[in-house]
Colleague: 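This is the structure I have questions about; it appears just below.
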There are 2 protein chains.
Amino acid sequence: MSKRSPSPKSERILDVAEELFALHGYDGVTLRQIATGAGVDVALANYHFGKKLDLFRAVFDRRSVELNQSRLQALRQFQAEAGPQGPSVEQIIEAFTRPLEIAQRDGDSGWANYLALVAYINNSPYWGPKMMTKLFDKLVLEFIEALRTALPDAREEDIFWCYQNLSGSLTLALARTGRIDKLSGGTCRSSDLGAAFDRMIPFTAAGFRAVCQKGARTGTTRKKRSR
Amino acid sequence: MSKRSPSPKSERILDVAEELFALHGYDGVTLRQIATGAGVDVALANYHFGKKLDLFRAVFDRRSVELNQSRLQALRQFQAEAGPQGPSVEQIIEAFTRPLEIAQRDGDSGWANYLALVAYINNSPYWGPKMMTKLFDKLVLEFIEALRTALPDAREEDIFWCYQNLSGSLTLALARTGRIDKLSGGTCRSSDLGAAFDRMIPFTAAGFRAVCQKGARTGTTRKKRSR
DNA sequence: TTGCATATTCAACGCTTGTTGAATATGCTG
DNA sequence: CAGCATATTCAACAAGCGTTGAATATGCAA
C-alpha cells in the first residue's frame, strides 16, 4: 500500500550492489559493474534509486530494520525470562550477535554480503560516523543499558570501551576476510559465523567482567606498571 | 648505499597518500588528489613509485618493518624476563598492542594514518588476504606460538578464534572511526589509543583465558544450550 | 663551466565515470 | 482495442581518471 512492490530487476540491482560494495567498498564499484552483474542497463539504477550514493544508502537500509528487530526481540526474550537483575552478560551478547548468524544461515544468500557491508561501513573512518548512527545507535544504546544493569559497578567509560572491543570482534568476523583461514592453516573458516560466535560470546563476556566487574580495576585510570 | 635516500617530495607523496588512503580507501583516492595535497605534479607519483597500486603498496610497506620490530622486541623482552613457562597472556597482548600506541604518540604524525590504513586493509575482504600475509603473518604466528605456551591446554582452533577477536578489537581501535565518541556522548575519544588499550589488554586477556584455559570449555564444540 | 644523472613539470592520450533526456517496451485499466 | 503509468533501454554528454613521453629544472662530478 504505502510502498509499491519493487520490481524484480530493482531487487537484482540491490543484490548485486550489496555484493560488490561489500567486497570493494563504495568507490571500488561502478554503476556499470552493478548493471552488468544484474543484467540491466546502466541507467536503470538511476531510475530506481537516484544517484549512486542513494543506491548505496538504499542497500544499507534495506535489511537494517529486520536485522535489528530480531536482535531486540532476542534481548527482550532474555529480559522476560530473567529476574529483576536482568539477563546475564552472556545472554546480552548472545542476543546481540546470534541473530546475525541465524540470518546468514537461514535467510537468503544476500545476508552474508549485507553483514560484510556493515563491517565495511562500521570500520570506515569516512562512512562509519556518517551512516552507522542513524540506523544502529538506538539499538546499541539499548544493549549498553542492559549491560549497565548486568554490571552495576561498571564505570561509564569502561562500558563503552568494552563495547568497542565487542564491536571490533564482531566487525572483523562479519567482514569474512578469510585471513583466519590462512593463519590457522585451514583449521578455522571465516565463513563459519557459528564457530566464530561460539568463541566470541564467552570471550567478550569474560572481557566485560574482567574490566567492569567490582574490584576488577583498581586505582584511577591506569592499572599496569609503566615499566 | 643499497637504497638511494628518498627525495623530500617523494616522502610528501607517501605522507599524503597514507592519509588519504586511510580515510577513503584505495579506490576513493585519485593520484591528482594526492599530488595536489603534496604540492607536486600528478606525474611525479608515477615517476617515483610506478603505478597507483605500487604507490599503495609502498605506503603500506614503509612503516611495517619498524612497527613489527618494535612489537617483536617487546615480546622478546617479556620472554627474557619470564621463567620457562613464558610470559603471561597479558604481557603477550601488551607486547602486541602497546608499541602501536607508542608509535602514534612519540613518532611522526603519519603513524596514526598508517595504523588506520592497516585497519582498512585488515578489515577488507579484498585487500586483507592480498596484502596482510606477506608483511604480518610471520609476526602474528610468533605471538600465537607465545599464546600457545601461555595457554598449554588450549585447543588449536580456539587459539585462532580468540586471536581473531583480539585482531578485531585492535583493528576497530586503529581505524579511529569516532563512533565511540558519539555513542558515549564524548566520554570516550577514539583518538586516545592509550585509553583503548588500557581496557583492551585486560579485556582480551580474560577472553583468552575464558575460552582457552583448562576446564573453560566442556564437551565437543558448542557449549550453550540451543534454546 | 660543461656534462650528466636525477628530479620535476608540462601537455596530452585514450578510456571510464556518473548522469541525463529521449525513445521504446511492458503491463494494467477502461 | 486504446490509453496510460511504469519500467527499461538507448545514445550521448562533460568531467575526471591513470598513465605516458617529451621538455625542463636541479644538483653534483669532472
Side-chain angles (χ1 to χ4, degrees), chain A residues 1-62 117 120-121 124 126-127 130-131, chain B residues 1-62 117 120-121 124 126-127 130-131:
Chain A
M1 298 295 172
S2 59
K3 284 187 180 179
R4 55 181 167 283
S5 67
S7 83
K9 293 205 175 187
S10 81
E11 290 285 285
R12 289 232 13 161
I13 291 173
L14 287 174
D15 290 341
V16 176
E18 188 173 58
E19 179 183 344
L20 293 178
F21 282 143
L23 183 57
H24 293 105
Y26 177 78
D27 298 292
V29 179
T30 73
L31 290 174
R32 282 172 171 82
Q33 288 176 287
I34 295 170
T36 301
V40 301
D41 186 86
V42 63
L44 193 58
N46 280 295
Y47 171 76
H48 280 298
F49 304 103
K51 315 268 185 200
K52 183 186 181 186
L53 186 57
D54 296 323
L55 169 61
F56 189 60
R57 288 218 169 87
V59 171
F60 190 54
D61 287 358
R62 179 166 57 150
L117 180 67
Y120 160 73
I121 290 174
S124 160
Y126 181 78
W127 296 110
K130 207 161 300 198
M131 299 189 65
Chain B
M1 297 301 172
S2 60
K3 284 187 179 178
R4 54 182 169 282
S5 67
S7 82
K9 292 206 176 186
S10 82
E11 291 284 286
R12 290 238 352 152
I13 291 173
L14 287 174
D15 290 340
V16 175
E18 187 173 59
E19 179 183 345
L20 294 179
F21 282 143
L23 182 57
H24 293 105
Y26 177 78
D27 298 291
V29 178
T30 73
L31 290 174
R32 283 173 169 83
Q33 288 176 288
I34 296 171
T36 301
V40 302
D41 186 85
V42 64
L44 193 57
N46 279 295
Y47 171 75
H48 279 298
F49 303 102
K51 315 268 186 199
K52 183 186 181 186
L53 186 57
D54 296 323
L55 169 61
F56 189 59
R57 288 219 170 87
V59 171
F60 190 54
D61 287 357
R62 179 166 56 149
L117 178 68
Y120 160 72
I121 291 174
S124 161
Y126 180 78
W127 295 111
K130 206 162 300 200
M131 298 189 66

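The figures here come from the full heavy-atom set of this structure, side chains too, leaving out hydrogens, waters and symmetry mates. Every chain is numbered from 1 and lettered A, B, ... according to where its sequence line falls, protein lines coming before strand lines.
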Colleague: Please find the pair of heavy atoms, one from A:D54 and one from A:F49, that lie closest to each other, and give the distance.
Modeller: CB-O, 3.0 Å
Colleague: State, to 0.1 Å, how close A:Y120 and A:Y26 come at their nearest heavy-atom pair, and which atoms those are.
Modeller: OH-N, 3.1 Å
Colleague: Which heavy atom of B:I34 sits nearest a heavy atom of B:V16, and at what distance?
Modeller: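 Closest approach of B:I34 to B:V16, heavy atoms only: O-CG1, 3.7 Å.
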Colleague: If you look only at distance, which donor and acceptor atoms sit under 3.5 Å apart when one is on a side chain in residues 39-48 of chain B and the other is two or more places apart or in another chain?
Modeller:
unit_1, atom_1, unit_2, atom_2, d
B:D41, OD2, B:A43, N, 2.8

Colleague: State the CG-CZ distance between B:L14 and B:R12, to the nearest 0.5 angstrom.
Modeller: 11.5 Å
Colleague: Among all residues two or more places apart in sequence or in another chain, which pass the side chain to side chain contact (heavy atoms under 4.5 Å, CB included) test with B:A22?
Modeller: B:A116, B:L117
Colleague: At a heavy-atom distance below 4.0 Å, what parts of residues 19-34 of chain B sit against DNA chain D?
Modeller: B:V29, B:T30, B:L31, B:R32
Colleague: Which of residues 40-58 of chain A sit near DNA chain C, with a heavy atom under 4.0 Å from it?
Modeller: A:V42, A:A43, A:N46, A:K51, A:K52
Colleague: Taking the side chain as every heavy atom from C-beta outward, state whether B:L55 and B:L31 have any atom pair closer than 4.5 Å.
Modeller: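 Yes - at least one pair of side-chain heavy atoms lies under 4.5 Å apart.
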Colleague: Over 60° means perpendicular and under 30° means parallel, so classify the ring planes of B:F21 and B:F56, tilted if in between.
Modeller: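 Perpendicular.
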Colleague: With sequence neighbours excluded, give me every salt bridge (Lys or Arg N to Asp or Glu O under 4.0 Å) pair touching residues 17-40 of chain B.
Modeller: B:E18-B:R62, B:E18-B:R63
Colleague: Taking side chain as C-beta onward, heavy atoms only, is B:Q33 less than 4.5 Å from B:T30?
Modeller: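 Yes, side chains in contact.
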Colleague: Pull out every stem in DNA chain C, meaning runs of 3 or more consecutive Watson-Crick or G-U wobble pairs with both distances under 3.5 Å.
Modeller: C:3-28 with D:3-28
